[in-house]
Amino acid sequence: MGQRSFPSLADIDDDGDPDVFVGNGEGKICFFRNEGSSNSPFWVKVSDFYDSIDVGAESTPVFVDIDADSDLDLFIGKEDGTVSFYCNVGDKHTPFWNLLSENYDSIDVGACSVPTFADLDADGDFDLFVGEEYGNINFYRNTGSEVDPQWDQVSTNYNSIQVGRRSCPVFGDVDGDSDLDLLIGQDEGKIFFYRNDGTIFLPFWTLITEDYLFIDVGSYSHPALSDIDDDGDFDLFIGEQEGNIDFYQTEEKIPQPCWSKITENYFAIEADDYSSPAFVDIDADSDLDLFIGRKDGKIDYYENIGSVESAFWNLDPDQYDFIDVQGYASPAFADIDGDGDLDMFVGQIYGKIFFYQNDGTPQAPFWTPVSENFGFIDVGWYSSPTFGDLDQDGDFDLLVGNEEGKIWFYQNDGNPEAFSFSLVSDFYDSVDVGKRSAPVLGDFDSDGDLDLFVGESEGGLHFYKNLTLNSIRGRVTDQMGPMGNAVVYLSGDREDSTFTDSAGNYKFVGLPYGNYCVFRDSASFQYCFYPLECDTFEIDFSGVSQVEQSSEQTTTTCLQLLPNYPNPFNPVTNISYFLPLDEPIRLIIYNLKGEKVKELTCGFQTRGWKRITWDGKDTQGKKLASGVYFCKLQTRRGSQIIRMVLLK
């Protein structure tokens, strides 16, 4: 796509999901069609020179139905500060573009125009806002109508907003209060968030933050989460190269927490370079205390002598002077042995973890050095540990950042009282932040699972929302009552099986967001979901002494493409789908690049459940390589896609 990419979403084919158009520095537009759905998009690149449109340089496309004829028209900002207008003389399903003006309404903002439209006064027609090179926003009120707009320039510096250079405005209801808020991107990568505290008719703008969803503390960020003011949400602290602790306080949810930067030098704490903070209640007095790892391998301990709502810090220079991990200390705490007090783990320069067991009490810890190489863990250089119950089995698992910017995942195969860690992945969930990853876990969005924040060498903070379900659980009974030791199978984005307990209960926990079937037999009596979006799903198999009821008997009125089974597969997998109507369909296999590798079926089919087998070969009968593939079911009423993994 080249330089200066500028994305824009538009449902250009009126199929109910947004497609992507990306302007670039060359003045062209790349087009990616959404072959998935609104909830699960799957982008297929159609063209890197959409409709042969070329505006010279710095194309910034935006789509809007400017003449109220039910199809989308196209406006493109340009390097010279003018705006090109392409009227859609086709229809909402198949656009046909007619260039009406290369200088729409004689608008000229000087350089690097970025147009956007919004009905800001709720009068039923769109108003026009244009960002530009010097960070201002030009405002044009529509004094005409929704069918025939007439533009009156009200301001060249709307609301006196100035964001630096290359302002890029967009409007949306960010806080869910039914009026439009304003987000403005700019040349340095910041995003300004102005909340509308007025009404849908008369906006009143309040600047909330200049770094919306973006934080940069300079170099070597090391995050810590803690509810330091006891208001029920996480506040954010970030250590960094110069030793300061940056403090961001959670102000409110819009709809998720919004941090406001309070200070770059929290409490004027003079930490050593490459500070690594951790907050825990180490003396069981109900308030959080502070530990800061240092470049020299030692740890500073600050006791909170204030309160749970208002911390006041007292440095105790001697209490932890016995700790020396040889360089770049990164402390983390967890009750790893289930005795009710916190144990201490310290990452360090050589990629290992020092373990200090608490043989005291929750009120008065007594530290016993147990190991300078906990669990024989070695992640290379600059280990940075954090603990959390990632698989929701009741014990602590371990993530460790390292010099390479990746994260190592160690699963606890023991129990809360007796840990046993095994390496699952040295490239956890494909997270790669470049260099010096520093992870921390916390339930940021209060949905019951752990989210992930990762600091890195460039000083940024990466946020990964946890799309893991808590569980699929249920019960198996027959005419006599609960069925103990009955097997229940799971297919989809995770393959698994389990047995019911004596009460007939079963559960699958730690499931990633995706497609699932739970069933009592691989060929029959199954419940399938696409996609599964809730945190917990209850599925009971009632009155099933023998697995006789087939999936064809499942009542449904919706198009369904079920997860293939088995998955991963080698070399054959089964694909099942349900058609609610008699209609023509296409079932197509794509690779990761969005290229079609095989069409499994195409033609008219009758209503009902169908099943087809794919042997892992392309159209020419050639065996495909191991990897991820997508199967798309296309009908006139919509489409669905599943993800498949071929392993050899």
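Quick note: residue numbers are just sequence positions, from 1.
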J.: Are the ring centres of Y50 and F21 closer than 6.0 Å?
T.: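 Yes.
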J.: Quick one: do Y590 and F630 satisfy ring pair (Phe, Tyr, Trp, His ring centres under 6.0 Å)? Show the steps, please.
T.: CA-CA 5 Å; Y590 294 92; F630 297 91; 8.4 Å; no
J.: Side chains of H462 and E456, heavy atoms from C-beta outward: is any pair under 4.5 Å?
T.: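 The answer is yes, as the side chains (C-beta and beyond) meet within the 4.5 Å cut-off.
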J.: Verify side chain to side chain contact (heavy atoms under 4.5 Å, CB included) between D54 and I29, making sure each step is shown before the conclusion.
T.: CA-CA 8 Å; D54 187 347; I29 299 173; over 6 Å; no
J.: Going by the rule salt bridge (Lys or Arg N to Asp or Glu O under 4.0 Å), which residues pair with E599 if we only count those two or more places apart in sequence or in a different chain?
T.: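 R586.
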J.: Tell me whether K28 forms a cation-pi arrangement with F49, defined as NZ or CZ under 6.0 Å from the six-membered ring centre and within 45 degrees of its axis.
T.: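 Pair K28/F49 counts as cation-pi.
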J.: Within a strict 4.5 Å, meaning less than it, do heavy atoms of the D67 and D65 side chains meet?
T.: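 D67 reaches D65 side chain to side chain.
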J.: Are the side chains of V518 and Y489 in contact, using a 4.5 Å heavy-atom criterion?
T.: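 A side-chain contact under 4.5 Å is absent here.
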J.: For the atom pair CG (D11) and CG (D19), what is the distance rounded to the nearest 0.5 Å?
T.: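 With rounding to 0.5 Å, CG (D11) is 6.0 Å from CG (D19).
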J.: Is there a side-chain contact between P18 and N34 in this structure, where contact means two heavy atoms from C-beta onward sitting under 4.5 Å apart?
T.: yes
J.: Side chains of T500 and N505: any donor to acceptor distance under 3.5 Å?
T.: no
J.: Are side-chain heavy atoms of I585 and Y577 found at a separation under 4.5 Å?
T.: yes
J.: Please step through side-chain hydrogen bond (donor to acceptor under 3.5 Å, both in side chains) for the pair S5 and N24, ending with a clear verdict.
T.: CA-CA 5 Å; S5 59; N24 62 24; over 6 Å; no
J.: Applying the side chain to side chain contact (heavy atoms under 4.5 Å, CB included) test to F31, which of I12, I53, V44, V22 qualifies?
T.: I12
J.: Are V400 and I407 packed together at the side-chain level, in the sense that at least one heavy-atom pair is separated by less than 4.5 angstrom?
T.: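 No, their side chains stay 4.5 Å or more apart.
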J.: Under the salt bridge (Lys or Arg N to Asp or Glu O under 4.0 Å) rule, collect the residues that match up with D432, sequence neighbours excluded.
T.: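 Salt bridge (Lys or Arg N to Asp or Glu O under 4.0 Å) list for D432, sorted by chain: K406.
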J.: Begin from the C-alpha positions of D413 and S422 and carry the test side-chain hydrogen bond (donor to acceptor under 3.5 Å, both in side chains) through to its verdict.
T.: CA-CA 7 Å; D413 297 323; S422 59; 2.5 Å; yes
J.: Which pairs pass salt bridge (charged side-chain N to carboxylate O under 4.0 Å, His left out) with one or both residues in residues 479-488, sequence neighbours excluded?
T.: none
J.: Tell me, yes or no, whether the heavy-atom count around Y464 atom OH, taken from other residues, nucleotides or ligands under 6.0 Å, exceeds 12.
T.: yes
J.: Determine, using ring centers only, whether F421 and Y410 are less than 6.0 Å apart.
T.: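 Distance test on ring centres: not under 6.0 Å, no.
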J.: Which residues pass the side chain to side chain donor-acceptor pair (under 3.5 Å) test with T498, not counting sequence neighbours?
T.: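 T498 satisfies side chain to side chain donor-acceptor pair (under 3.5 Å) with no residue once adjacent residues are dropped.
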J.: Are the side chains of Q411 and D391 in touch, meaning some heavy atoms are under 4.5 Å apart?
T.: yes
J.: Who are the ring-ring contact (aromatic ring centres under 6.0 Å, His included) partners of F126, not counting sequence neighbours?
T.: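 If we apply the ring-ring contact (aromatic ring centres under 6.0 Å, His included) test to F126, skipping adjacent residues, there are no hits.
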J.: Would you check if P439 and L452 make a side-chain contact, meaning some heavy-atom pair closer than 4.5 Å?
T.: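 They are in side-chain contact.
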J.: Under the salt bridge (Lys or Arg N to Asp or Glu O under 4.0 Å) test, which residues partner K92, sequence neighbours left out?
T.: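 In terms of salt bridge (Lys or Arg N to Asp or Glu O under 4.0 Å), with neighbours along the sequence ignored, K92 is linked to D14.
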J.: Evaluate the criterion ring pair (Phe, Tyr, Trp, His ring centres under 6.0 Å) for residue pair F117 and F75; output intermediate values, then yes/no.
T.: CA-CA 10 Å; F117 293 83; F75 294 82; 4.7 Å; yes
J.: If the test is side chain to side chain contact (heavy atoms under 4.5 Å, CB included), which one of L450, L399, L398 qualifies with T386?
T.: L399
J.: Between T613 and N574, do the side chains contain a donor N or O and an acceptor N or O under 3.5 Å apart?
T.: yes
